[in-house]
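One structure is given below, encoded as structure tokens.
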Amino acid sequence: RRAAAELRSTKVQTVIVAVPVPPEACKCPTCGGEKLRNVGFGKPSTVYEYVPGYLRKRVFQRQTLSCRCGYIVTAPAPDRVGEKTRYAPSFIAHLVFTKCSSSMPQYRLEKEYRNLGIPVSRSTMCSLFHRGASELRPIYAAACALVPAAADVHADETSIRQINVEKRAYIWDFVTPDLIVYCYAPSRSGETPNRILGDSQGRLVVDQHTGYNAVTKPGKRTRAGCLAHARRKIFENGEHPEAQEALDLIGAIYVVEREAKEAGIVGTDAHLALRKLRSRPLFAKLLTWGRRHRRNFEPKSGMGRAIRYLLKNFRALGCFLRYATIPPDNNVAEAGLRRVALGRSNFLFVGHEESGHDLAVLYTLVASCEKKGVNPIEYLTDVLMRVQTHPAHRIEELLPHRWKPP
């Protein structure tokens, strides 16, 4: 029964192997008895094994019939993403997942497929990758449309190279409770957050980049700062004895957050009350520390800039004390850009601007699946076909957090 319960609670394939006691050990050394009886269900020993993955080649032998009058009919071909392609939706899903989640460059993936017996070139993989993005653009558009409706949004951006362009391009991410939406842009200007968020209201958790100013004006979103940024600047100047006091105060604020998480009250009125009771005095002491030491350091020194960042942005940094639903930092948006940074170091650049937009489409769906605990390969395999016939006015049903397996 316990083994059956484990089978139901895990997605890992479980095989129960019965191991009998060797015949020579089935005799009691004390009394010499040979009629030993079972004790319980036995003693389990768990071993995790690696079973090499495989890809399958399926040949559909389509029946062809003819009539004496010259009429010929052939059984229909299997469903495909695109005409006359030899690669099933599951293959494209695996290709997209491997690049967008594991950040594997195509030349390595070509070698992996060749070792598994699949003859696919890099150019073919590139075509399949972009074809998948083209098919999934309606779902991506639906995801972008939901971002302004979220009360709390986290945003950040990082650079990426575009081949034959000297100026750096950027990939932005906008994180809501249900989605992680990526956008590719040839610059770091405020055009991208303005296009995604528009005149929406709520809170926007970001750093102090001026590109977000257009969407954090009065009447639009309230700007919330990132306490982790302030801490990082102080930590980088940890050689000064004064820094330790500030680091201890910030650490105590995060202790309050951890206790709220353990108590299961994150985002509730009880969480906000706990912040007002314990975190607000700690934050006030942190500001007092900054005012006390700002004259002890040159304005352009490392510690001087760290203290100026803290005091200049104290209202945005303390926003978490007024709203229970936002954290004190922007770590979720920064974590969302790790896949971009890893891809930047592995496959180096995007070929052109359209490739960057395709990458953002597929990053969005894979990352949103992982955020909601949905298997990305199963999801992509399904929606690559369903999106072609799904009603356009109900396209939101195919978003990762609303998707239901067939």
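Heavy-atom basis, side chains included; hydrogens, waters and symmetry copies ignored.
Among residues at least two apart or in separate chains, ring-ring contact (aromatic ring centres under 6.0 Å, His included) pairs with a member in residues 176-195 are Y182-Y363, Y184-H357. Screening residues 382-402 for ring-ring contact (aromatic ring centres under 6.0 Å, His included), with sequence neighbours left out, gives no hits.
Contact annotation: the side chain of P400 approaches that of L365 to within less than 4.5 Å [non-hydrogen atoms, C-beta and beyond]. Residues F297 and N237 form no side-chain contact, since every pair of their non-hydrogen atoms from C-beta on lies 4.5 Å or further apart. Contact annotation: the side chain of L380 approaches that of L136 to within less than 4.5 Å [non-hydrogen atoms, C-beta and beyond]. Proximity of Y140 to V181: side-chain heavy atoms (C-beta onward) are separated by under 4.5 Å at one or more points. With a 4.5 Å cut-off on side-chain heavy atoms, P78 and R58 do not count as touching. Residues S368 and W403 are not in side-chain contact: their nearest non-hydrogen atoms beyond the backbone lie 4.5 Å or more apart. Residues V175 and K371 form a side-chain contact, since some pair of their non-hydrogen atoms from C-beta on lies under 4.5 Å apart. Proximity of K233 to R305: side-chain heavy atoms (C-beta onward) are nowhere separated by under 4.5 Å.
Of the possible donor and acceptor atoms, none in the side chain of T216 sits under 3.5 Å from a partner among the backbone N and O of T222. Listed for the S127 side chain is a donor-acceptor partner under 3.5 Å among the backbone atoms of S123. Distance alone, capped at 3.5 Å, places no donor-acceptor pair between the R188 side chain and the Y170 backbone. Without hydrogens or angle criteria, Y379 side chain to L398 main chain gives a donor-acceptor distance under 3.5 Å. No donor-acceptor pair closer than 3.5 Å links the side chain of H240 to the backbone N or O of E242. Under a 3.5 Å cut-off, the side chain of D152 and the backbone N or O of G202 do not form any donor-acceptor pair. Side chain of S279 to main chain of K276: no donor-acceptor pair is present (N/O by atom type, distance under 3.5 Å, no hydrogens or angles). Within the 3.5 Å criterion, the main-chain N or O of G219 finds a donor-acceptor partner in the side chain of Q201. A donor-acceptor pair is defined here as one N or O able to donate and one able to accept, closer than 3.5 Å; such a pair exists between the side chain of R62 and the backbone of A75.
The two residues S355 and V350 have their closest heavy-atom pair at CB-CB, 4.3 Å. Contact between A150 and T176 at its shortest, heavy atoms only, is CB-CG2, 3.8 Å. Residues T381 and A93 approach most closely at OG1-CB, 3.4 Å, considering heavy atoms. N330 approaches A155 most closely through the heavy-atom pair ND2-O, 2.9 Å. Closest non-hydrogen pair, S103 versus R339, comes out as OG-O, 3.4 Å. G267 and T325 get closest at one heavy-atom pair: O-CG2, 4.0 Å.
Taking CD of E245 as the reference point, atom CZ of R292 lies at 4.5 Å (rounded to 0.5 Å). The structure places CG of L36 at 7.0 Å from SG of C28, a figure rounded to the nearest 0.5 Å. Distance check, rounded to the nearest 0.5 Å: CZ of R131 to CG of L95 gives 14.0 Å. Note that CZ of R122 and NZ of K111 are 9.5 Å apart. Values are rounded to the nearest 0.5 Å. The distance from the CD atom of E334 to the CG atom of D173 is 9.5 Å, given to the nearest 0.5 Å. Expressed to the nearest 0.5 Å, how far CG of L247 lies from CG of L286 amounts to 9.5 Å.
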- Task: Could you go through the side-chain contact (heavy atoms from CB on, under 4.5 Å) check for E259 and R278 one step at a time?
- Result: CA-CA 11 Å; E259 291 179 359; R278 296 175 54 185; 2.5 Å; yes
- Tell me, with the steps shown, if N346 and R108 meet side-chain contact (heavy atoms from CB on, under 4.5 Å). CA-CA 10 Å; N346 284 349; R108 293 186 198 166; 4.2 Å; yes
- side-chain hydrogen bond (donor to acceptor under 3.5 Å, both in side chains) evaluation trace for H94 with Y87: CA-CA 11 Å; H94 181 265; Y87 302 97; over 6 Å; no
- Determine, step by step, whether S159 and R344 satisfy the side-chain contact (heavy atoms from CB on, under 4.5 Å) criterion, reporting the C-alpha distance in whole Å, the side-chain angles of both residues, the deciding distance to 0.1 Å, and the verdict. CA-CA 9 Å; S159 63; R344 184 173 58 204; 3.8 Å; yes
- Message: Apply salt bridge (charged side-chain N to carboxylate O under 4.0 Å, His left out) to residues E112 and K99 and explain how you reach the verdict.
- Response: CA-CA 13 Å; E112 291 288 333; K99 183 168 183 177; over 6 Å; no
- Does the side-chain hydrogen bond (donor to acceptor under 3.5 Å, both in side chains) test come out yes or no for H271 and T268, once each step is laid out? CA-CA 5 Å; H271 189 189; T268 64; 5.8 Å; no
- Task: Verify side-chain contact (heavy atoms from CB on, under 4.5 Å) between R402 and L146, making sure each step is shown before the conclusion.
- Result: CA-CA 12 Å; R402 298 180 179 178; L146 289 182; 4.2 Å; yes
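Annotation for R232: atom CZ counts as buried by contact number, over 12 foreign heavy atoms lying within 6.0 Å. Annotation for D269: atom CG does not count as buried by contact number, only 12 or fewer foreign heavy atoms lying within 6.0 Å. Other residues, nucleotides and ligands place no more than 12 heavy atoms under 6.0 Å from the CD atom of Q61. With a 6.0 Å radius and a threshold of 12 heavy atoms from other residues, nucleotides or ligands, E298 has its CD atom at or below the threshold.
Below 30°, between 30° and 60°, or above 60°: for H209 and W172 the angle between ring planes is between 30° and 60°, a tilted geometry.
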Which donor-acceptor pairs under 3.5 Å do the side chains of residues 307-319 make with protein atoms, sequence neighbours left out?
{"from": "R308", "atom 1": "NH1", "to": "P299", "atom 2": "O", "distance (Å)": "2.7"}
{"from": "N313", "atom 1": "ND2", "to": "Y309", "atom 2": "O", "distance (Å)": "3.0"}

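The cationic atom of R203 (NZ for Lys, CZ for Arg) lies less than 6.0 Å from the six-membered ring centre of Y323 and within 45° of the ring axis.
Screening K217, K220, R221 for a salt bridge (charged side-chain N to carboxylate O under 4.0 Å, His left out) involving D199 leaves a single residue, K220.
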